[in-house]
Amino acid sequence: MTLDVLSAGVLDPVGSAARAPVIVAFLIFIGVSLLWTFTLAAGEEESPEGLYLADRSLSPTFNGVALAGEQISVLTVLQTAGGVALIGYDGFTFALDVLIALGVLLLLAQRIRNSGRYTLGDLFSLRASGRGPRIAAAVVTLAITIPVLMVQLVAAGISAALLIGMPTDHAVVACTLLMGCLVACFAALAGLRGTSFIHVAKVPITLATLTVVTLLALRKFEWDPGSLLSAAVDRSVAPDRYLKPGLWLDTAGLGPLNAFGNHIVAILGLAMMPHLILRIAGSRSGRTARRSARTAVWLSGIFVLLLITTGFSAAAVVGAADLGAVDASGQSAPIQLASEVLGHGSTGRVVLITVMACVVFLAVLTTVTSVTFAAAVSLAHDVFAREGRSRSDTQEVRALRLAAVVVCGVAVSLAAALHNYQAQFLIAFSMAVAASCIFPALIYSFFWRGFNRRGLLWSVSGGLLLCAVFTVFSPTVSGSPIALWPEARFDWYPFQSPGLGAVPAAFFLGWLGSVTSPGDSETAFRRIEYRLLTGTEARRQASDARR
């Protein structure tokens, strides 16, 4: 991520006249939000089950709205809208991946909830006993979580620096650290119930703000969508290719296959995020889990539609040149659009910029908290509580708090240290790990009777290792303009997403490990299958029938 133009002070979407009221209003909103979140956190139960799952007491509609709120992250709000604004058709198709991913989660939601498990370690232990699967699950969770947190915090730091009118390198670092520390405080106290309320509040605020911004942009073109789209094409970096596939950088002449891999891995990776699995597992039953996922799908559909219109509006009103001046992914698109749809000096402009900044802060607060919380639950439940010694509920809760602070602290430190580098390889790695290590394991665990411990360990460890190797030797690290080191050349793996090779390899390793490991798992699988389909234990049903 480059900050040359920012450091030169060229970009100032707020303006000196509006900066003071915008900052004051933004700080008041931060204070009120944190006060509310700490109040919610104070009311959380001090038992592990109460914190992890809210005692599975959330209604399906409420949990569905919160699940939709999980999709409203800094990455989707800023980078997806920026992608649509800069690369047109390709950005549009990537925006749809968010919606399709929820469709994949919908297909597995009932089985995840009926299993009675809520962490990756629990789900992996369905077909594999011992500490190994739980340790592997914790490692996978951290491999997904840390890169996601880094990208989210860097984007939040850049947005905050733009807002206060100090878009310099040092200001971005300071804002990243400050935002990270604020969020870490809440993440250390939060539970599923408290974060759910913030997610539910975030959804209408975000949808309303994006609606107002796009309507104001449409008014500048006399309410003619065709004129707005034409202006977006004319002001793009490549008007003749803006509405056609291929504007996004392809590598090694493997454009269609590369694009296909990016989409598939993004869909599977977004669907298998640990914090989404935790929320699905917190549903009252398998049926309510499906109802929650359906609610999230249609709300996310509205959100994705608004993101796409926001991206095209930003391209039409601001122009690709100004958007790309901040960074290659156009993450400032929503804020710059909010600053241009109303006249400078107007009260409405100050209000709109402030509300957009508040949306970004809510996205940071909720997403980073949810992701951190899921990682902390994995460490506390799968590692700390399973070390062989008896652990009290109080000790496990303390371990949860400490794990949340450590995970968030590591992510904030790395984000501040690496903020000036291209971050695309982090996103690609995180999505690939989720798609390669979780999706094959769950599919085999839920649907294949021959799956066993060796197959799971081979699939998960092999997928993680291949993701790391393919990422290091991919065009996102060297050999391309979007790479971490664009001048170096060791990109022998030709695809941008490591998951294109790692996902099928993980499926193969899971099969190979299972068929080469002796043992009859027929009876165990029948009991598990019954549980996955009904949500109850087979032996209990048999006992009731005898009575």
Dump the intermediate steps for side chain to side chain contact (heavy atoms under 4.5 Å, CB included) on T366 and T195, then the final yes or no. CA-CA 7 Å; T366 52; T195 56; over 6 Å; no

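Checked by atom type, the side-chain pair R193/S57 shows a donor-acceptor distance below 3.5 Å.
Under a 3.5 Å cut-off, the side chain of S474 and the backbone N or O of T471 do form a donor-acceptor pair. Remark: side-chain polar atoms of R531 are paired, donor with acceptor, to backbone N or O of N114 under 3.5 angstrom.
Residues V65 and T295 approach most closely at N-CG2, 4.1 Å, considering heavy atoms. Pairing each heavy atom of G180 with each of C408, the nearest pair is O-SG, 4.0 Å. Across all their heavy atoms, S436 and G499 have their closest contact at OG-CA, 4.1 Å. Of all heavy-atom pairs spanning L51 and F373, the tightest one is O-CZ, 3.2 Å.
Taking the six-membered ring where the residue is Trp, the centroids of F62 and F197 are separated by under 6.0 Å.
Atom-to-atom distance recorded for N63:CG and R291:CZ is 11.5 Å, nearest 0.5 angstrom. Taking OG1 of T372 as the reference point, atom CD1 of I146 lies at 7.5 Å (rounded to 0.5 Å). Here CG of L307 is found 12.0 Å from CZ of F312. Values are rounded to the nearest 0.5 Å.
Ring-plane geometry between H381 and Y118 is classed as tilted, the angle between the planes lying from 30 to 60 degrees on a 0 to 90 degree scale.
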